[in-house]
Amino acid sequence: MKKVKKLIYYALIVVTFVFVGIVVDDCTDDRKEYMIGVSQCYEDDWHDKFNKEVMMMSYLNDSVDVCIKSSCGDSRKQSAQIDSLVNMGVDVLIVVPNDEKDLASAIEKAYDRGIPVVLFEKKIKSGKYTAFIGCSNYNIGKHLGLYIADKLEGKGRVAEICGPKTSKPSKDRHKGFVDALKSYPGVSIVSSEHANWEQDGATKAMERIMERTHDLDYVFAHNDRMAYAAYLAARKAGMNPMPKFVGVDGLMGEHGGVSLVYKGVLDASYLNPTGGEGVMKLAVRILGGEPVKKENTLATAVITKDNAELTTMTMQSMENQRTTLETLHHQVLKYEKYNRAQELFLCMLAMFLIFVIVSAVSVYRAYMEKKKLSVSLSKKNSDLKRLNDEVVELTQSRLAFFTNVSHELRTPLTLIVDPVKQILENSKLDLRTRTLLSIIERNALALQRIVDDIMDFRKIQSGKMELKLKSFDLVESLKQ
């Protein structure tokens with residue numbers, strides 16, 4: 001029965017600490033239900049806005065967390081990052097491919113492992129992806145070609161600054177632009193140069209164009225940064241008259257397309273939505289098991305002086321809302337961190353209290369066991385004392401008995417020994433009588449010594465006799 005009680009007691013302690021461990025883990029665990037991995041190809045204003053929109057949408061969904069990795073234009077690095085996100089176990093993979101050919105293998109591998117893949121801006125040829133969302137770069141080039149042709153009334157000279165030669169968006173924008181101008185034989189593309197999407201490359205491309213001719217009506221650049229760089233290069237070279245410049249992206253900011261159009265630096269910019277919000281909505285629908293279209297197109301528009309102010313106000317309002325949301329999110333994170341710290345403290349306090357209670361129970365239990373043992377030992381000691389007293393009493397009785405007997409025997413023995421000695425002194429005794437009397441004397445003396453020894457032991461026990469060490473002949477004593 002005692003063993004069963006002990007087992008139950010220790011089992012309760014183990015269960016208590018397991019429960020506390022679970023509570024503490026729950027207090028400190030802030031992981032969300034889903035993880036969305038984002039593989040970003042580049043770091044610039046346009047892609048940075050995409051990242052911010054993705055994060056903003058994650059703030060609005062309590063069950064979703066986002067991990068963004070950027071390859072800075074390195075396809076090999078982006079491929080490795082996609083593999084890393086897959087190995088992390090992301091629930092949805094969003095890819096903004098740097099180069100669709102170089103990344104096809106990594107994207108297909110993720111898709112084959114059952115991970116939903118959402119492509120943004122560029123597609124891969126195999127079709128191994130769940131959904132694509134983005135603008136038609138061909139239509140961007142075509143619409144701007146038609147816009148320029150309309151502004152030139154079907155007659156003029158145009159230069160083009162494209163993106164990198166290997167870039168699919170750049171190829172599609174160029175093709176759309178060329179196809180649009182085929183209907184306007186009076187509009188000629190006098191020069192087409194490639195750059196690297198950045199201002200330094202566009203500056204050099206514009207300088208090469210100006211080395212051939214200054215007779216230009218329009219310059220179409222494949223993004224606003226390159227259009228602004230071409231404008232600065234033309235102004236620095238003193239071109240007169242200055243051509244008009246057209247770009248793509250339509251971002252906010254001091255050097256964003258919308259601001260440049262509003263200031264009159266650019267004649268127009270084509271709104272190329274960054275699409276972070278749309279991509280996240282698509283990903284969340286996939287996580288929710290809802291059906292999604294494989295091909296999804298984002299709405300676009302041409303930004304001109306006529307609508308630049310309204311567009312600026314709209315975008316600024318959206319940016320203010322995003323900033324406010326981000327600020328609120330950081331505040332919420334701060335409060336959540338503080339709340340988690342409080343919860344952790346309370347959990348630790350609860351664990352400490354439980355530990356104190358368990359310890360108190362253990363101490364009380366040990367005290368009760370000790371008390372019970374003490375009572376048991378006390379009872380046993382009492383029994384032993386009683387037995388000892390009985391033994392002592394019995395021993396005393398026996399000693400008293402032997403002492404009394406010894407006293408009773410001593411006088412008769414003395415009366416026997418003395419007469420025997422006197423008879424033995426008679427010389428007239430025959431041999432046989434003398435022998436018998438000697439035997440009587442010897443045994444009487446032996447018995448008298450025994451009685452004396454008993455008396456001496458009694459005196460020693462009562463403290464009336466002191467032992468003294470003395471040498472003697474053991475052999476002789478034994479003979480006697």
Side-chain angles (χ1 to χ4, degrees), residues 135-165 167 169-195 197 199 201-250 256-272 300-311:
C135 296
S136 169
N137 285 293
Y138 176 85
N139 287 339
I140 289 175
K142 184 175 182 180
H143 289 164
L144 285 177
L146 294 174
Y147 172 82
I148 291 172
D150 180 66
K151 288 293 182 178
L152 292 175
E153 297 179 352
K155 187 177 181 181
R157 293 165 61 84
V158 180
E160 182 184 20
I161 301 178
C162 306
K165 291 181 180 180
S167 170
S170 178
K171 290 178 182 178
D172 290 345
R173 290 174 190 180
H174 172 72
K175 188 174 187 305
F177 187 65
V178 171
D179 288 350
L181 295 182
K182 284 179 181 178
S183 302
Y184 298 90
V187 179
S188 59
I189 302 174
V190 296
S191 181
S192 185
E193 294 287 338
H194 288 279
W197 297 117
Q199 290 192 12
T203 299
K204 294 175 182 177
M206 188 62 191
E207 289 172 350
R208 290 193 297 271
I209 291 171
M210 290 187 295
E211 286 175 0
R212 297 190 188 95
T213 180
H214 278 214
D215 184 14
L216 294 171
D217 298 300
Y218 266 90
V219 176
F220 166 47
H222 285 194
N223 71 13
D224 292 330
R225 287 195 304 279
M226 295 195 296
Y228 182 56
Y231 165 81
L232 294 176
R235 191 176 67 176
K236 182 178 179 181
M239 285 187 71
N240 191 19
M242 281 279 284
K244 293 180 179 179
F245 296 85
V246 174
V248 178
D249 283 343
V258 178
S259 298
L260 294 174
V261 171
Y262 183 72
K263 294 174 184 177
V265 175
L266 301 185
D267 183 64
S269 177
Y270 198 89
L271 178 62
N272 181 23
T300 59
V302 177
I303 300 170
T304 64
K305 189 76 172 177
D306 296 332
N307 61 13
E309 184 176 5
L310 179 61
T311 304

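Treat the numbers as computed from the prediction; the structure is a model and nothing was measured. Starting from 1, each residue takes its place in the sequence as its number.
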Testing the basics here: between [X] and [Y], what is the closest heavy-atom pair and its distance to 0.1 Å?
X	Y	value
Cys135	Thr300	SG-CG2, 3.2 Å
His222	Gly163	ND1-N, 3.5 Å
Val187	Gly154	CG2-C, 3.5 Å
Gly250	Leu271	O-CD1, 3.7 Å
Val261	Ser269	CG2-N, 3.7 Å

Nearest 0.5 Å please: distance from the [atom1] atom of [X] over to the [atom2] atom of [Y].
X	Y	atom1	atom2	result
His194	Ser170	NE2	OG	6.0 Å
Asn223	Gln199	CG	CD	9.0 Å
Asn139	Leu144	CG	CG	11.0 Å
Tyr270	His143	OH	NE2	4.5 Å
Leu181	Glu160	CG	CD	9.0 Å
Arg173	Tyr138	CZ	OH	14.5 Å

More than 12 heavy atoms from other groups under 6.0 Å of NZ on Lys236: no
Enclosure of Lys155 NZ (heavy-atom neighbours >12, cutoff 6.0 Å): no
Has the side chain of [X] got a donor or acceptor atom that lies under 3.5 Å from a matching backbone atom of [Y]?
X	Y	result
Asp150	Tyr147	no
Asp172	Ile140	no
Asp224	Val248	yes
Arg225	Trp197	yes
Lys244	Val219	no

Ion pair Lys182/Asp179, N-O distance below 4.0 Å: yes
Ile161/Ile209 under side chain to side chain contact (heavy atoms under 4.5 Å, CB included): CA gap, chis, key distance, verdict: CA-CA 9 Å; Ile161 301 178; Ile209 291 171; 3.9 Å; yes
Minimum side-chain heavy-atom gap Met206-Leu216 below 4.5 Å: yes
Note, Ile148 side chain near Asp217 side chain (heavy atom, < 4.5 Å): no
Salt bridge (charged side-chain N to carboxylate O under 4.0 Å, His left out): pairs with one or both residues in residues 203-215, sequence neighbours excluded: Arg157-Asp215, Glu193-Arg208, Glu193-Arg212
Donor-acceptor list for residues 227-235 side chains, cut-off 3.5 Å, not counting sequence neighbours:
none

ring-ring contact (aromatic ring centres under 6.0 Å, His included) contacts touching residues 171-192 (sequence neighbours left out): Phe177-Phe220
